[in-house]
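Letters A, B, ... mirror the listed sequences (proteins, then strands); counts begin at 1.
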Number of protein chains: 2
Amino acid sequence: MTTRSQTPAPRARVRPPPDAATPAEARTRLNEWIAERGLKATRQRDLIVDTFFGATGHLSVDELLSKVQERDENIGAATVYRTMKILADSGLASPRHFEDGQTRYEAAIGRHHHDHLICTSCHAIIEFENERIEELQDLVARQHGFLVTRHKLELYGLCKACQARQPKR
Amino acid sequence: MTTRSQTPAPRARVRPPPDAATPAEARTRLNEWIAERGLKATRQRDLIVDTFFGATGHLSVDELLSKVQERDENIGAATVYRTMKILADSGLASPRHFEDGQTRYEAAIGRHHHDHLICTSCHAIIEFENERIEELQDLVARQHGFLVTRHKLELYGLCKACQARQPKR
DNA sequence: GGGCCGGTGAAATTGATTCTCAAATTCAAC
DNA sequence: GTTGAATTTGAGAATCAATTTCACCGGCCC
Ligand SMILES: [Mn+2]
Ligand SMILES: [Mn+2]
Ligand SMILES: [Zn+2]
Ligand SMILES: [Zn+2]
């Protein structure tokens, strides 16, 4: 359901778009992280990670569970919850809390920080980066003596397609 | 727990800070709104509204329920949930979803739109307005053909006091 | 003086997520 | 290969905010 940004170059951005991760690379990286702290590699975790990085977008645990169970119907929901938490702790996936009451995860390997435009009609999610906004956020925080560690910027509204579809008034 | 912004005038803002609502004014406004659609004014609703607008900050329903029950122990949680939903529908209060899994409400009468700095240590909430950021958000949305109806900008980190208190490294 | 209608509050339900616990699995050391 | 301590798994129970249900209440209008 995620749509990738594709504006006609609004103003040349500097940082190059890094490469997305392959499922195999993600599995390797997770297993390194797991080994470092005496945890264990398991078939279930590999399957879940493989499925997650083989998909795109902002997946809810339930959506991911469905996909995982297509490959092995015996995987339990608790295991998917646990595995996604490990992926988040290791920095390989980012949890997102949009306003539908479910935690969604997106791949974080080789990706820049970005924020989201969310269509309240078709639930499309458009990603964007804006360095100026980030700078202004830092400025505001500094003016309040605040040290920011993370932020959330979400713009809710109607995507182009849904505006056309909607009663135009 | 909310702290009001008090920077030494970072750059003269234009809009004057509007007046906050008194509990009595809020009760009146809600009862007008209620009458317009054939609903009923009740003692419970008046009490809840009075308590809510007599308090400050970003109250969870549970916190509000406690305050309300100090005045009338027989008020039920369902009634507070229902009343706050009405206040939100009527535009007199704004629901906020920070990252602690509870809906919080703040008074919206005679207040500008604003965003929040949230201390992850002491849970203080600092409010700010930044016109430049709002403009850039609109610009980003326009570049994607998106029509924004509402947004959320939250900066999480450590407030000044908590930075001092924290291991400084 | 009995319906009509929304409102109330206790209790039950929902839905996402976490917890519990017995059984299964991993893996480093024999 | 085998062992055994530690970890993981999956089903179901527990949690927790929020919503729904439902029997009862209180004005209001014939
Ligand atoms: Mn994203
Ligand atoms: Mn606020
Ligand atoms: Zn849309
Ligand atoms: Zn603090």
Side-chain angles (χ1 to χ4, degrees), chain A residues 27 30-52 58-90 93 95-105, chain B residues 27 30-52 58-90 93-105 123:
Chain A
R27 279 202 313 273
L30 180 64
N31 285 333
E32 284 168 12
W33 191 89
I34 270 179
E36 278 169 20
R37 44 214 91 206
L39 304 181
K40 291 175 177 172
T42 69
R43 184 182 54 76
Q44 289 89 335
R45 286 174 179 172
D46 276 351
L47 177 56
I48 292 165
V49 172
D50 199 66
T51 305
F52 176 70
H58 304 77
L59 286 181
S60 70
V61 173
D62 220 53
E63 288 164 356
L64 179 56
L65 177 63
S66 296
K67 286 180 193 290
V68 165
Q69 288 184 334
E70 285 171 20
R71 301 224 242 160
D72 178 348
E73 63 191 320
N74 294 318
I75 304 281
T79 302
V80 177
Y81 275 104
R82 288 186 282 235
T83 302
M84 293 317 291
K85 188 151 298 182
I86 292 176
L87 279 182
D89 288 347
S90 67
R96 297 286 186 177
H97 300 272
F98 301 135
E99 300 208 331
D100 66 349
Q102 271 167 95
T103 302
R104 293 176 177 278
Y105 288 91
Chain B
R27 281 202 312 275
L30 180 64
N31 285 332
E32 283 167 13
W33 191 89
I34 270 179
E36 279 169 20
R37 44 216 91 206
L39 304 181
K40 291 177 180 170
T42 68
R43 185 182 54 78
Q44 289 87 338
R45 285 175 179 172
D46 275 350
L47 177 57
I48 292 166
V49 172
D50 199 66
T51 304
F52 176 69
H58 304 77
L59 286 181
S60 70
V61 173
D62 224 50
E63 288 163 355
L64 179 57
L65 176 62
S66 296
K67 285 179 193 290
V68 166
Q69 288 183 335
E70 285 172 19
R71 300 225 240 160
D72 179 347
E73 62 190 322
N74 295 315
I75 304 281
T79 302
V80 176
Y81 276 106
R82 286 187 285 234
T83 302
M84 293 317 292
K85 189 151 298 178
I86 292 176
L87 278 182
D89 289 347
S90 67
S94 306
R96 298 284 188 179
H97 301 273
F98 301 134
E99 300 208 332
D100 66 348
Q102 271 168 92
T103 302
R104 293 176 177 278
Y105 289 91
H123 305 107

Nearest non-hydrogen partners of L65(B) and I75(B), listed with the distance: CD1-O, 4.0 Å

message: Minimum heavy-atom separation for P95(B) and A93(B), please, with both atom names.
response: CD-O, 3.9 Å

task: Heavy atoms of chain B, cut-off under 4.0 Å: which first and last nucleotide of DNA chain D, 5' to 3', fall inside that, if you could look?
output: dA17(D) to dG26(D)

Results of side-chain contact (heavy atoms from CB on, under 4.5 Å) for E32(B) - residues two or more places apart only: T28(B)

- line: The side-chain contact (heavy atoms from CB on, under 4.5 Å) partners of K67(B) (sequence neighbours excluded) come to T51(B), A55(B), L59(B)

- request: Output all residues satisfying ring-ring contact (aromatic ring centres under 6.0 Å, His included) with Y105(A), sequence neighbours left out; order by chain, then residue number.
  value: none

- prompt: Reading nucleotides 16-24 of chain C 5' to 3', which nucleotides get B (base under 4.0 Å from a protein heavy atom), which S (sugar-phosphate only), which -?
  reply: SBBBB----

message: Restricting to salt bridge (charged side-chain N to carboxylate O under 4.0 Å, His left out), what partner residues turn up for R82(B), sequence neighbours left out?
response: none

[X]: partners by side chain to side chain donor-acceptor pair (under 3.5 Å), with sequence neighbours left out:
X	answer
E99(A)	R150(B), K152(B)
D100(A)	R104(A)
N31(A)	D46(A)

- prompt: Taking atom P of dT25(C) as reference, at what distance in whole Å does atom CG of N31(A) sit?
  reply: 18 Å

query: Between dG15(C) atom C1' and L65(A) atom CG, what is the distance in whole Å?
result: 14 Å

task: Kindly state which residues belonging to residues 36-44 of chain B come within less than 4.0 angstrom of DNA chain C, counting heavy atoms of the residue only, listed by number.
output: L39(B), K40(B), T42(B), Q44(B)

To the closest 0.5 Å, what do you measure between [atom1] ([X]) and [atom2] ([Y])?
X	Y	atom1	atom2	result
T103(A)	F98(A)	OG1	CZ	11.0 Å
F52(A)	L47(A)	CZ	CG	14.0 Å
Q69(A)	L64(A)	CD	CG	10.0 Å

- prompt: In which stems does DNA chain D show up, taking only runs of three or more Watson-Crick or G-U wobble pairs whose two distances fall under 3.5 Å?
  reply: C:1-30 with D:1-30

Considering only distance and modelled atom types, tabulate donor-acceptor pairs under 3.5 Å from the side chains of residues 36-44 of chain B, sequence neighbours left out.
residue	atom	partner	partner atom	Å
R37(B)	NE	W33(B)	O	3.2
T42(B)	OG1	R45(B)	N	3.1
R43(B)	NH1	D72(B)	OD2	2.8

